[in-house]
There are 2 protein chains.
Amino acid sequence: MSLRHALLGLLHEQPASGYDLMQVFNASLQNIWPATQSQVYSELTKLAASGLLTVSAEGPRGRKEYTLTDAGRAELQHWLVEVETDVHPRSEGLLKVFLLGAVSREQATGFLAWLGETADHDVAALEALDASIEWEDEDLHVYGRLVLEFAKRLAAMSREWSDWAVEQINASGGAPGQREQPEPQQPERQPRR
Amino acid sequence: MSLRHALLGLLHEQPASGYDLMQVFNASLQNIWPATQSQVYSELTKLAASGLLTVSAEGPRGRKEYTLTDAGRAELQHWLVEVETDVHPRSEGLLKVFLLGAVSREQATGFLAWLGETADHDVAALEALDASIEWEDEDLHVYGRLVLEFAKRLAAMSREWSDWAVEQINASGGAPGQREQPEPQQPERQPRR
DNA sequence: TATGACATGTAACTAGTTACATGATTCA
DNA sequence: TGAATCATGTAACTAGTTACATGTCATA
């Protein structure tokens with residue numbers, strides 16, 4: 001149930017509409033906590049109904065601007081510091097690595113290499129993002145920088161790990177990874193996200 | 001829809017019952033792809049109904065042993081190498097960091113420090129796990145080792161990042177992180193998972 | 001014989017996704 | 001005036017969680 005708290009957190013800075021909040025999810029939060037438009041709008045409605053937000057203004061085109069209430073701020077702070085945090089999110093990539101014994105050695109190293117390339121792209125994208133932001137001393141920026149730094153370190157680590165992993169597979173015995181070989185893959189293997 | 005593929009992947013090694021598979025989820029996959037008992041059983045039923053698995057044996061206490069069919073193996077391989085992989089899982093921890101501007105500076109560094117301690121525990125636990133396994137050259141072990149190594153590097157990286165992050169907050173200006181101070185927290189802050 | 005491990009299943013719920021529907025306002 | 005953007009909403013679905021219900025078998 002983190003989406004509701006993400007919304008409360010974003011509204012801590014300043015009032016915003018559902019549309020505004022969607023921009024934030026699509027821009028800065030897409031890789032941390034993606035959300036769909038329908039989810040954001042319905043959650044805002046529920047949040048307002050339960051008194052954690054209020055509709056503080058209505059604008060053109062039916063725009064509703066939401067503002068955090070005291071109860072909402074209290075709930076946000078409670079969640080931030082007192083509620084248990086899940087620090088081991090599901091990882092589809094690692095799950096695939098774990099199960100790679102089911103495909104040929106070539107396909108396995110292919111997947112690992114693809115993970116490395118993806119990490120490479122991430123490194124570049126995060127570097128560019130970092131350069132594009134004028135970092136000021138505001139709270140949101142301070143904590144946003146911490147997250148960006150984490151993402152950069154994660155991407156760099158992933159890159160190194162992937163290289164190491166490919167080496168490991170190439171080094172580990174000459175026996176094929178599989179009894180039955182599946183027919184060769186079509187060239188386009190991993191769509192980009 | 002990765003759970004179905006996780007089940008197919010585990011059954012690639014050898015036939016197993018729902019109960020057997022639950023042990024694997026609770027042991028080796030708990031931090032990568034947790035699953036509940038009810039989810040595993042109902043997914044196995046669906047998988048068998050759609051022909052990706054068959055009930056290859058029935059044992060005492062109604063035990064049903066499932067075996068991967070050719071169609072199941074094909075689906076598994078397809079998913080592993082051809083289906084798009086989500087490499088940016090939702091991270092509740094990073095979401096909280098991003099929103100930490102809503103609490104006091106002390107509470108923020110408290111949370112960051114807790115993340116560091118958690119990473120510390122992880123490092124120790126993973127080291128112990130590594131030592132406890134007799135690594136042989138089998139596929140599952142080879143790829144399992146890759147995952148374990150990733151987890152170790154991630155934990156070590158998180159530990160260093162957390163220290164750096166706490167320093168950043170302490171260094172960044174003397175102004176309090178917040179307008180209104182929430183009342184001081186009760187001592188037990190983050191339950192252990 | 002009773003406890004614990006083995007073993008499966010259902011029901012009700014919450015969270016998240018996809019697709020569709022609708023309409024207002026701005027501005028080139 | 002037509003396209004892009006702003007803006008909100010609903011319906012149907014899939015995935016995942018929590019809680020409960022039921023019964024068998026081994027062994028201490």
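First the proteins, then the strands, lettered A, B, ... as listed; each starts at 1.
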Using the side-chain hydrogen bond (donor to acceptor under 3.5 Å, both in side chains) criterion, which residues pair with B:Gln39? Sequence neighbours excluded. none
Salt bridge (charged side-chain N to carboxylate O under 4.0 Å, His left out) with B:Arg63: which residues, sequence neighbours excluded? B:Asp20, B:Glu65
Contacts table for residues 148-155 of chain B: side-chain donor-acceptor under 3.5 angstrom, sequence neighbours left out:
unit_1	atom_1	unit_2	atom_2	d
B:Glu149	OE2	B:Arg153	NE	2.7
B:Glu149	OE2	B:Arg153	NH2	3.4
B:Lys152	NZ	B:Glu127	OE2	3.2
B:Lys152	NZ	B:Asp130	OD2	2.7

Could I get the full list of side-chain contact (heavy atoms from CB on, under 4.5 Å) partners for A:Arg159, not counting sequence neighbours? A:Ala119, A:Asp120, A:Ser162, A:Asp163
With sequence neighbours left out, which residue pairs that include part of residues 48-59 of chain B fulfil the salt bridge (Lys or Arg N to Asp or Glu O under 4.0 Å) condition? none
Can you pull every protein N or O that's under 3.5 Å from an N or O on nucleotides 14-22 of chain C?
unit_1	atom_1	unit_2	atom_2	d
C:dG16	OP2	A:Gln39	NE2	3.0
C:dG16	O5'	A:Gln39	NE2	3.4
C:dG16	O3'	B:Arg90	NH2	3.4
C:dT17	OP1	B:Arg90	NH2	3.4
C:dT17	OP2	A:Gln39	OE1	3.4
C:dT17	OP2	B:Arg90	NH2	3.2
C:dT18	O4	A:Ser38	OG	2.6

Applying side-chain contact (heavy atoms from CB on, under 4.5 Å), can you list everything that pairs with A:Ala156, at least two apart in sequence or on another chain? none
In numerical order, the residues of residues 21-29 of chain B whose heavy atoms come under 4.0 Å of DNA chain D are none
Under 4.0 Å: is that the gap between some side-chain N or O of B:Tyr19 and OP1 or OP2 of C:dC6? yes
Please list, chain by chain and in numerical order, all residues satisfying salt bridge (charged side-chain N to carboxylate O under 4.0 Å, His left out) with A:Arg4, sequence neighbours excluded. A:Glu43
Who passes side-chain hydrogen bond (donor to acceptor under 3.5 Å, both in side chains) against A:Glu92, sequence neighbours left out? none
Taking the side chain as every heavy atom from C-beta outward, state whether A:Phe25 and A:Leu3 have any pair of such atoms under 4.5 Å apart. yes
How is the hydrophobic cluster of B:Tyr41 composed, in terms of its other members, when Ile, Leu, Val, Met, Phe, Trp and Tyr link through side-chain heavy atoms under 4.5 Å apart, directly or indirectly? B:Tyr19
Using a 4.0 Å cut-off on heavy atoms, which residues in residues 55-67 of chain A reach DNA chain D? List them by number, or say none. A:Arg61, A:Gly62, A:Arg63, A:Lys64
Rounding to a whole Å, what distance do you find between B:Tyr41:OH and C:dT10:P? 12 Å
